[in-house]
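Treat the numbers as computed from the prediction; the structure is a model and nothing was measured. Note that the numbering runs from 1 along the sequence shown for the chain.
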Amino acid sequence: MLGRAGPWLLMHADSRMYLRLGGAVEPVNARVASLLSELDADAWGEFLNAFAERHAFVLTGGEEVAAQTLRTFGALRLVHGHTPVYVLRDEHLYGPARGAGTPLLYAGKQALAMDSGMAYYEEAGFIARLGAHGLGEVVSVDERV
């Protein structure tokens, strides 16, 4: 499912799947709802495989995919989970997992990765406030009282 909050496009995964499901937030969400009510196992399998796709904004051409996604859904920036920050850093961007406890702005500052990897690292975790002009504030798990 997709959502909008001010200039932000809220999406579960860093995937091109949304572009294949429709050209606006409401039709995409309607299509996802339809797929979730589908009884055909093959349809579920196709949807789950597409839903598992990730790295769309970090691989070759990723900045343009992010730009296309933002144009299609009428937003200025996108925020996603699904792919932990440390995976993006390790596999594509900055080497070993530095700063996995903070969001990662990438793809020409168009995409913000918000999955801290809490399922994998006890010390992972953060809370972030999205502002009208970018990331407003971040509190990491290390700063908890």
Side-chain angles (χ1 to χ4, degrees), residues 1-136 138-141:
M1 301 282 229
L2 294 175
R4 290 277 314 274
W8 293 93
L9 175 64
L10 311 172
M11 50 198 315
H12 170 78
D14 46 334
S15 172
R16 296 173 192 226
M17 169 191 68
Y18 304 101
L19 294 169
R20 293 189 297 267
L21 293 176
V25 171
E26 294 79 14
V28 168
N29 290 340
R31 181 69 181 129
V32 169
S34 173
L35 288 166
L36 291 175
S37 66
E38 181 64 54
L39 298 177
D40 178 40
D42 290 336
W44 263 87
E46 285 182 37
F47 176 64
L48 291 176
N49 285 336
F51 201 71
E53 174 190 302
R54 57 184 178 178
H55 299 217
F57 313 125
V58 73
L59 298 175
T60 302
E63 284 188 34
E64 179 49 39
V65 174
Q68 178 187 8
T69 302
L70 291 169
R71 282 190 306 271
T72 299
F73 298 111
L76 298 177
R77 340 184 140 72
L78 61 88
V79 61
H80 70 82
H82 191 70
T83 302
V85 168
Y86 78 88
V87 171
L88 289 169
R89 289 185 181 279
D90 285 353
E91 294 181 10
H92 300 288
L93 298 172
Y94 303 110
R98 299 179 310 182
T102 60
L104 176 65
L105 187 63
Y106 71 105
K109 299 184 178 181
Q110 300 175 101
L112 184 65
M114 294 286 287
D115 187 328
S116 69
M118 291 178 74
Y120 308 103
Y121 292 108
E122 185 176 317
E123 67 277 7
F126 52 79
I127 298 170
R129 182 176 53 82
L130 303 176
H133 303 290
L135 189 58
V138 178
V139 177
S140 74
V141 71

Practice task
Check whether any side-chain N or O of Trp8 sits under 3.5 Å from a backbone N or O of Gly131 as a donor-acceptor pair, and report yes or no.
Solution key: yes
By side chain to side chain donor-acceptor pair (under 3.5 Å), Glu53 pairs with (sequence neighbours left out) Ser15, Arg20
Heavy-atom closest pair (Ala128 atom, Leu135 atom, distance to 0.1 Å) is CB-CD1, 3.8 Å
- prompt: His80 vs Phe57 aromatic rings, parallel, tilted or perpendicular, using cut-offs 30° and 60°?
  reply: tilted
Heavy-atom side-chain proximity of Leu10 to Leu130 below 4.5 angstrom:
yes
In short, His12 meets Tyr18 closest at the heavy-atom pair N-OH, 3.2 Å
Are the side chain of Gln110 and the backbone of Glu63 linked by a donor-acceptor contact shorter than 3.5 Å? yes
query = Thinking salt bridges, do Arg4 and Glu26 make one under a 4.0 Å N-O criterion?
reply = no
To the nearest 0.5 Å, atom CG of Leu19 lies from atom CZ of Phe73 at 5.0 Å
Smallest heavy-atom separation, Gly125 atom then Met118 atom, equals CA-CG, 3.8 Å
Notebook entry, point to check: Is the shortest heavy-atom distance from the side chain of Tyr106 to the side chain of Leu88 under 4.5 Å?
Noted result: yes
When every non-hydrogen atom of Gly22 is compared with those of Thr72, the smallest separation belongs to O-CG2, 4.3 Å
query = Quick check: does any side chain N or O of Trp44 sit under 3.5 Å from a backbone N or O of Glu38, one acting as donor and the other as acceptor?
reply = yes
